[in-house]
Novice: 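Got a structure for you, questions after.
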Protein chains: 2
Amino acid sequence: MAAKRSGARGKRPQRTSETSEWLQPLHEPRSEPSLSRERIVAAAVELLDAQGVDGLTMRRLADRLGSGVMSLYWHVDNKEDVFDLALDSVLEYRGPPQIAQDWRGEVVHMLEDWRASMLRHPWSTLLLPRRALGPNILSRLELLSKTLSRAGVADADVNVAIWSLWNYVMGATITRASFDLSDDDRAAAQQRLTRLSERYPTIERSRLLLDNDWDGAFRKGLGFLLDGLSPR
Amino acid sequence: MAAKRSGARGKRPQRTSETSEWLQPLHEPRSEPSLSRERIVAAAVELLDAQGVDGLTMRRLADRLGSGVMSLYWHVDNKEDVFDLALDSVLEYRGPPQIAQDWRGEVVHMLEDWRASMLRHPWSTLLLPRRALGPNILSRLELLSKTLSRAGVADADVNVAIWSLWNYVMGATITRASFDLSDDDRAAAQQRLTRLSERYPTIERSRLLLDNDWDGAFRKGLGFLLDGLSPR
DNA sequence: GATTGACTCGTACATGGTACGAGTCAAAGT
DNA sequence: ACTTTGACTCGTACCATGTACGAGTCAATC
């Protein structure tokens, strides 16, 4: 069911010139191999990485792919769909590096990888809270579940343990990213934090907001949580 | 610096009629006490509660306040500003119910109140990740900091402990709300989850996604975390 | 040669944020 | 008494964006 036409012809290699300073002049496909869900998702991720959540518009996406805007809609339902696909595409997990470690090492590796994947694409922390679970997230939960069971966590506690770990990782990652996102100007942000923390003495003394060792804090806190969860 | 005019006069009690079925026909101020930052924020929260994040538009907000859209901009910088103010306004903490409990009780009370406040306004979980720290959040962190110090947590560990708790609460709350947000149709959502979890055997067996005792899981997981954090 | 169905895309519209500058009004200054 | 001022209101206009609609292409099949 389709036929007809109306306007003029394409506008293939137009690239509005205002958007010319893009990274990766590489893999601009020479022959524009026509659209596909995969190419769209890949382009969306590139755009999100470069421009953030608000930088992704259907028009820009089409531009980048050398296609008309409405062509995208043959492959995806709508913009939400693009977000879902981009998010899940970034959360794939390839498993622990070597053959079996101890369960704690496995869990830590997976969770640190999770956090790292998201921080490589900070927009993911803004998207995750509002979208449903994609296959890659579910795989991670599945893996976590298996590992904890094998580790001897009581059946009744496994779900609580999973959610606790999930919560911890999500909270840490989202928070971490929001400090990066909410002020591009590092110096100004630091200033603002200092000014703020002056009004909150205890926080100020401990430099809660000024400490930069996010990775260390993440690891250490995760340690505490695992201590609490360990079958004693 | 200002003068002149151009168009016609107001459109005070218009209320587009499509939006007539609003809750609280109460506190519609009879005399339209003119705009103020506070009234704007209050109206924004009402709108967000009723319509969600996407439901808040400057036009609707103005409508609800019986004012012109552009009048809002005298009191707030822009829409982002409205979001910031609305979010912080919802996070006030009034302290623990009685006089001093044990530290653990205090911490648990504050964190459960935090979670409850946000779940009362589910849109807050979508906003928090992208905005800076407002005064009410900082107060909570301050309080937490004081309590943990008094409880005997080693100085070197206090910050890690605070962030761990924050992360846990944020993750739990955001996750919880996203399950509510991402599908209004409860039955369909449940269906979808069931279908999904069939492809992930361990998760399926433990009914990770189908268990509804969010409050219990939150409390129990928090318990584990506090176990790990407790000065032993 | 006609049909079909997968895919592309221009046009058009509705919605939303907000720049701009004109307007009101009460209080202070003269 | 008039003017000035500055706090506040608001209509208009513009621009960006998502996407409905329906027309168009083209290769494979009949």
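In what follows, chains are A, B, ... by sequence order, proteins preceding strands, each numbered from 1. Source: prediction; values computed, not measured.
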Novice: Using a strict threshold of under 4.0 Å (side-chain N to carboxylate O), is an ion pair present between B:R199 and B:E204?
Specialist: no

Novice: How many whole angstroms separate atom CG of B:L61 from atom P of D:dT9?
Specialist: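 The answer, rounded to whole Å, is 13 Å.
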
Novice: Looking at D:dC8, I'd like to know if its phosphate oxygens (OP1 or OP2) sit under 4.0 Å from a side-chain N or O belonging to B:S71.
Specialist: no

Novice: Starting at atom CE of B:M58, determine the distance to atom P of C:dA19, rounded to an integer number of angstrom.
Specialist: 10 Å

Novice: In whole angstrom, what separates B:R39's CZ from D:dC8's P?
Specialist: 14 Å

Novice: Please report the distance, rounded to the nearest Å, between CZ in B:R60 and C1' in C:dT18.
Specialist: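 Atom CZ in B:R60 sits about 17 Å away from atom C1' in C:dT18.
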
Novice: Using whole Å, what does the distance between atom C1' of nucleotide D:dC8 and atom CZ of B:R37 come to?
Specialist: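 From B:R37 CZ to D:dC8 C1': 15 Å.
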
Novice: For the side chain of B:Y168 and the backbone of B:L222, is there at least one donor-acceptor N/O pair under 3.5 Å apart?
Specialist: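 Yes, B:Y168 side chain to B:L222 backbone: donor-acceptor pair under 3.5 Å.
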
Novice: In whole angstrom, give the distance that lies between atom CH2 of B:W74 and atom P of C:dT18.
Specialist: 17 Å

Novice: Going by distance alone, is a donor N or O of one side chain under 3.5 Å from an acceptor N or O of the other, for A:T175 and B:W163?
Specialist: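 Side-chain D/A pair, A:T175 to B:W163: absent.
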
Novice: Within the structure, does a side-chain N or O atom of B:H75 lie under 4.0 Å from either OP1 or OP2 of D:dA7?
Specialist: no

Novice: Can you check the A:L72 CG to D:dT17 C1' distance for me, whole Å?
Specialist: 14 Å

Novice: Do the charged groups of B:D215 and B:R115 touch, with an N to O distance under 4.0 Å?
Specialist: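 Counted as a salt bridge, because a side-chain N and a carboxylate O are separated by less than 4.0 Å.
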
